[in-house]
Amino acid sequence: MSEASRRSPSGIPIDPVYTATNARSSTSSEIPGEFPFTRGIHPTMYRGRLWTMRQYAGYGTAQETNTRFRHLLDAGQTGLSVAFDLPTQMGLDSDDARAEGEVGRAGVAIDSVDDLSVLFDGISLDRVSTSMTINATAAILLAMYIVVGEERGVARSALRGTVQNDVLKEYVARGTYIYPLEPSLRLVTDTIAFVVDQGMSFNPISISGYHMREAGATAVQEVAFTFANALEYLDRAASRGLDIDVVAPRVSFFFAAHSDLFEEVAKFRAARRLWAKLVRERYDGDDRSCQLRFHAQTGGSTLTAQQPLNNVVRVAIQALSAILGGTQSLHTNGYDEALALPTEDAARLALRTQQVLAYESGVAQTADPLGGSYYVEHLTDTMERESRVLLDAIAERGGAAQAIETGFFQETIGRSAFDQQRALETEQNVVVGVNRFETDEAGPVLPAPDYTALAREQTERVRRTRQRRDLARHRAALHELTQGATGDVPLVPLILEAVRARATVGEISEAFRDVWGTFRTA
């Protein structure tokens, strides 16, 4: 690679050496825990409290996933993160013909509150925080979590965790949307309002750049698009009459951690500073509202099926970038996830990677240990500036919702993904074991679960739930839900009653489909 062509993955030119002239003169006066929080949201960062080690897990039935959860907790995990299967994410029951072949494959199958109760069997909901990666059906799964707590005598105020509830990025990168954009945003805002009004210790939304990065966005695009979506949600909350200084501290973020160590560290630092400025400028938010709190996950798209043990090294570097960048919680991928669901040994090693970094590497001893690096400060400044330029371009298009509807996000990420693939194919970018240093060794063959048997078991669980429930109460609850969707009343209380009546994820979602229809791409 020529000197002239050396750039970061986001296209930022990289000089051979950096000096004090490359970095902002004001950086040295910033300290952790103070606006604009470039160096961290807490004065002593991990000296006071380590990041939450929150491994993402979910496959098959609730019982199988419960076993994995308890194994991870016994191994020292400090928070739970639930992966749901595609039917659950799309509002389909396991016995729906449209769910055939997908039950339990990408995560755990949840059809009713009885399934969620099994998922958390033997786990104290008032002692463990739970993150749920769920979007179009987020309000339903949050309602189920609340009802499980009710039936165990756990107050809503004692429930801790996060529900992703970020539907905008679904239209951009993942595709697990159900309804048209406006009613989807109504559900998001209703969920935020409910959590705030109830005084719950729960984050009602986690705005995700991760999935857009996985789809091909650069680090700069990841920051800009995530914040554009976040501003859309805050604007909707403000128009509902919610106090931004009550809502914003409950908003969390979810970013990817990829392999270019210094760009990733700079990305997290730049994001923290930019978010603080945006909330102060746009909403006159107080310091707490201006603090960027985020979860990070190592890059799934960076894992290779070729020479999978190389992924152990990649994951360690990516985890280090998130920690040096000041993450509040972290998931590390299993090295074999490019092949199949992670094995128990791979999941344990992924957790041990975090533990070694936490207790053996020294990274937790001081806040923002790379602060003051001429290179890192220059990257931080550049990423903040370029993210702001992209945000301004989105604002000129009417904000995130309109920019998504016109395809701006999608087209921008598509071009970036194309450029990345071309750089890989021409060896401008090197991936060890893929386009250089290849071997002829065959990768391991991992056993797969019997998904057909799993689907039969889950279908039987749904059937038993339908047989046991009070039919009159169930019908009344779904009728109220349909009426509520037609009007403008808060929907989460109606969803709660439907959940208590043992309505399923598919039935509740269908009640909304009957009123709102489904989203159709142009």
Side-chain angles (χ1 to χ4, degrees), residues 58 62 82-96 98-99 103 106-120 125 130-151 156 159 161-167 170 174 176-179 183-195 198 200 202-206 458 461-462 465-466 469 473-474 477-485 489-516 518-519:
V82 186
F84 298 94
D85 72 354
L86 283 175
T88 305
Q89 295 181 51
M90 297 297 294
L92 302 172
D93 289 333
S94 295
D95 60 349
D96 192 304
R98 293 168 290 181
V103 176
V108 61
I110 299 294
D111 292 305
S112 74
V113 69
D114 295 333
D115 291 329
L116 204 69
S117 183
V118 171
L119 183 66
F120 292 101
L125 298 186
T130 301
S131 173
M132 295 187 282
T133 303
I134 196 76
N135 296 282
T137 55
I140 302 172
L141 270 298
L142 177 62
M144 287 184 174
Y145 196 74
I146 291 170
V147 172
V148 171
E150 287 176 356
E151 295 179 354
R156 291 177 189 174
L159 299 174
T162 301
V163 62
Q164 191 163 97
N165 196 30
D166 172 17
V167 77
E170 297 298 320
R174 288 188 78 240
T176 61
Y177 47 74
I178 303 174
Y179 319 110
S184 292
L185 285 169
R186 175 188 172 187
L187 263 181
V188 170
T189 311
D190 272 8
T191 303
I192 295 170
F194 178 84
V195 169
Q198 294 292 308
M200 294 179 65
F202 222 86
N203 296 325
I205 189 167
S206 174
Q458 189 62 24
R461 285 186 59 83
V462 179
T465 294
R466 290 183 178 133
R469 65 194 180 192
R473 183 182 184 186
H474 170 260
L478 288 182
H479 175 74
E480 290 298 317
L481 203 58
T482 301
Q483 294 299 110
V489 300
L491 295 173
V492 177
L494 302 179
I495 295 172
L496 274 168
E497 180 53 31
V499 167
R500 294 186 190 106
R502 266 41 190 186
T504 64
V505 170
E507 290 165 345
I508 295 171
S509 300
E510 197 63 32
F512 291 140
R513 284 189 188 94
D514 288 343
V515 177
W516 298 333
T518 56
F519 179 79

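Because the structure is predicted, anything quoted here is derived from the model rather than measured.
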- [ ] Dump the intermediate steps for side-chain contact (heavy atoms from CB on, under 4.5 Å) on Arg502 and Arg466, then the final yes or no.
- [x] CA-CA 8 Å; Arg502 266 41 190 186; Arg466 290 183 178 133; over 6 Å; no
Open item on the list: Using the rule given for side-chain contact (heavy atoms from CB on, under 4.5 Å), can you reason through Asp115 versus Met144, listing the C-alpha separation, both sets of side-chain angles and the distance that settles it, and then say yes or no?
Closed with: CA-CA 9 Å; Asp115 291 329; Met144 287 184 174; over 6 Å; no
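Checking Thr130 against Tyr145 by side-chain atom types alone, a donor-acceptor pair falls below 3.5 Å. Judged by distance alone, the side chains of Asp85 and Thr88 do bring a donor and an acceptor atom under 3.5 Å apart.
Looking at heavy atoms from C-beta onward, Ile495 lies out of side-chain contact with Leu142 at the 4.5 angstrom threshold. Using a 4.5 Å heavy-atom cutoff, the side chains of Arg98 and Met90 are not in contact. Residues Phe519 and Ile178 fail the side-chain proximity criterion, which asks for heavy atoms closer than 4.5 Å. A heavy-atom distance below 4.5 Å is not found between the side chains of Leu141 and Val163.
Distance CD1/Ile146 to CG/Leu496: 5.0 Å, rounded to 0.5 Å. Ile192 contributes atom CD1, which lies 4.5 Å from atom CD1 of Ile205 (distance to the nearest 0.5 angstrom). Atoms CD1 and CG, on Ile134 and Asn165 in that order, are 10.0 Å from each other to the nearest 0.5 Å.
Counting all heavy atoms, side chain and backbone alike, Gly484 lies closest to Arg186 at O-NH2, 3.0 Å. Here the closest non-hydrogen pair linking Asp190 and Leu491 is OD2-N, 3.1 Å.
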